[in-house]
Protein chains: 2
Amino acid sequence: MARIRDVAREAGVSVGTVSMVLNHADYGSPAIRQKVESAVEKLQYVPSEMARNLSLKRTMTVGIIVPTVSHPFFAELVGDLEEALYHLGYKTMLCCTRQKENAEHVFLEMLQRQNMDGIIMGAHSLDTAIYQGVKQPIIAFDRYLSPDIPIVHTNHVLGGEMAAQAFLQHDCHHIVEISGSQMVKTPAGEYHQAFNKVMQAHGVRTDVVALPWNSFGFKESMELAERIFDEFPDVDGILGSDVSVSSCLQLAVRRGIKVPEQLKLVAYDGTYITQNGILKLTAVRQPIAELAEIAAKKIVSLINGSQDDSPWVLPPTVLKGETC
Amino acid sequence: MARIRDVAREAGVSVGTVSMVLNHADYGSPAIRQKVESAVEKLQYVPSEMARNLSLKRTMTVGIIVPTVSHPFFAELVGDLEEALYHLGYKTMLCCTRQKENAEHVFLEMLQRQNMDGIIMGAHSLDTAIYQGVKQPIIAFDRYLSPDIPIVHTNHVLGGEMAAQAFLQHDCHHIVEISGSQMVKTPAGEYHQAFNKVMQAHGVRTDVVALPWNSFGFKESMELAERIFDEFPDVDGILGSDVSVSSCLQLAVRRGIKVPEQLKLVAYDGTYITQNGILKLTAVRQPIAELAEIAAKKIVSLINGSQDDSPWVLPPTVLKGETC
DNA sequence: GTGAAAGCGCTAACAC
DNA sequence: GTGTTAGCGCTTTCAC
């Protein structure tokens, strides 16, 4: 591999000149620039990013921490984040915490080792204490980590109310809510509160069942669906994430429960899996792409100390489907 | 940030000693090790990965190039690759090519700039010429890139035959196959050939319709589904990727076509979207997790010049569903 | 077993 | 405007 000094020798100039010509479009006389460029061409010179990183003390890389990427919500999120970061000139380090011993610590240490310039944290954390002392830039995506770590998220109060309105249009009497683990407090968890408030005001009975921690699989959500139908035979409405509500739909049909006649379903998230089935699920959709773009912009401005005026909270929308 | 020489001073030893103690478990006397460790603790020292990278000329990072991650197949693939690489001690750089000008060149250049030690290429490439001269380690995932770039993939001949067997059990007369773009030749494309061969031998009519290049969206596949039902009213079997067959199922139900009575459906890939709908799709499942693990092992052995004896080709399996 | 010093390849401040 | 050179922080060879 040719190094910068080989280029300098070939071009008959100094190393510093080559570096300046390569990194600053307005440096040097046309003649010099030409000489450098043809030397680069001739030697097939490609600068070493490791050396630049060390010299400039930055990597132009942002880490995205999520539980998993094989889940429609996080798949969309990660895809949108990667795209936004790319257009801002940043590379994406993918960090999945699920099914790994204590990956969260490992990834956080990567940040401290300056492997990446900042992180966007979208994974549930049981041990938020480890974020306290961290000096490097962090943006949380829909997660409470520490008082001084800013959060980008959907307006879940609005989301809960939207879900409530959907059910209220159809005269339901007993709604079961599927929540994530109660072990972690997340902004997303708050839509249940808003939902319950509206439901109580209307005298509708609600029950909450919770998924195990860090559970995003189809097996777990199908098991939960069975539990719901067994424990609450009179349930006539279910609210939960896309995946859990999909499982409920599948099981309802299997058990001969008519949707939406006997059972109304509202999915919270509104990823593509709510749209590609035989019945389109009615859903409260989180503005994932927009949130991702904001999170990307904010982590970048945190990294280079600039200002970003994008809002921190965005409203969800309703996808009218066939299940409520 | 404390540097290694601060630790050395604090511990009263030389920089070299600190480095050796930190990187080699069997170096130094217990007394020295103890001194170094408490200095590290006291100063909260974290080594700079950029400096190590430059010194060791490696990044312990592998790039994964895919068209997108918000598609169930690639979501699973990327998730499994990240996990496998993590357990091999490598970090994952996520590189998505879709909806970006010429991202493929950009990512390939990152490889040459030694931003990553190797790449696993899972994106369609229109310009395979750019891979010719590349010296760095590359493993292709189900893609033909260049004669000297090794490929990990499913045994698609077997896959095509399995799909054929599924239809043959049900006496179909006219099967439409949905293929990816004809512009790129991929191993996956070959399942159609194997499928056609069997079908011809049994005198079953087949037609092929193709998706546009790099099209993985639900809109495109729904449009294609409409075209199929319009152009081929007598179709009684459809074979295609999970997403495209899902769209066909949705549209069939909407048009009052009974599945599986009047129309048999077989999905090729077998990702979770074939399993979470009201009707489970009969599918030929690619062994994504196993292939991912193999690809990860192989790129790592390519990077450090070791040997890997895993097979290059793995057989698919049939997921018996309710649509064929 | 331990310390000094020469890189790794690039950037940019500072002389000329 | 151009060249020289001192870092960036770490690893490791080579004397002691």
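Below, all heavy atoms of this structure are taken into account, side chains as well, without hydrogens, waters or symmetry copies. Given the structure is predicted, the values throughout are model-derived calculations rather than measurements. Chain letters run A, B, ... following the sequence lines, proteins first and then strands; every chain starts at 1.
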- Going by heavy atoms closer than 4.0 Å, what residues in residues 49-61 of chain B are next to DNA chain C? B:L54, B:S55, B:K57

- Item | For B:R52, side chain to side chain donor-acceptor pair (under 3.5 Å) partners two or more places apart | B:N23

- Query: Is B:S19 touching bases, backbone alone, or none of the nucleic acid, heavy atoms closer than 4.0 Å?
  - Reply: base

- Item | Selection residues 61-84 of chain B - residue pairs positive for side-chain hydrogen bond (donor to acceptor under 3.5 Å, both in side chains), sequence neighbours left out | A:K100-B:E82, B:T68-B:S70, B:E76-B:R285

- Query: Which pairs with one or both residues in residues 24-58 of chain B pass ring pair (Phe, Tyr, Trp, His ring centres under 6.0 Å), sequence neighbours excluded?
  - Reply: none

- Item | Axial bend angle, the helix from C:dG1-D:dC16 to C:dC16-D:dG1: five-pair end segments, nearest 10° | 50°

- Item | Members of residues 30-39 of chain B that approach DNA chain C, where some heavy atom sits under 4.0 Å away | B:I32

- Please list residues of residues 112-119 of chain B whose heavy atoms come under 4.0 Å from any atom in DNA chain C, ordered by number; otherwise none. none

- Item | Pairs satisfying ring pair (Phe, Tyr, Trp, His ring centres under 6.0 Å), at least one member in residues 86-117 of chain A, at least two apart | A:Y86-B:F107, A:F107-B:Y86

- Applying side chain to side chain donor-acceptor pair (under 3.5 Å), name anything that partners A:S14, two or more places apart in sequence or on another chain. A:T17

- Query: Does any residue of residues 6-18 of chain A have a heavy atom under 4.0 Å from DNA chain C, and if so, which ones, in number order?
  - Reply: A:V15, A:G16

- Query: Looking at residues at least two apart in the chain, or sitting in another chain, which of them share a side chain to side chain donor-acceptor pair (under 3.5 Å) with A:K298?
  - Reply: A:D308

- Query: Just by modelled atom types, is the A:K35 backbone N or O under 3.5 Å from a matching donor or acceptor in the A:S38 side chain?
  - Reply: yes

- Query: What is the 5' to 3' range of DNA chain C, first to last nucleotide, that sits under 4.0 Å from any heavy atom of chain A?
  - Reply: C:dC8 to C:dA12

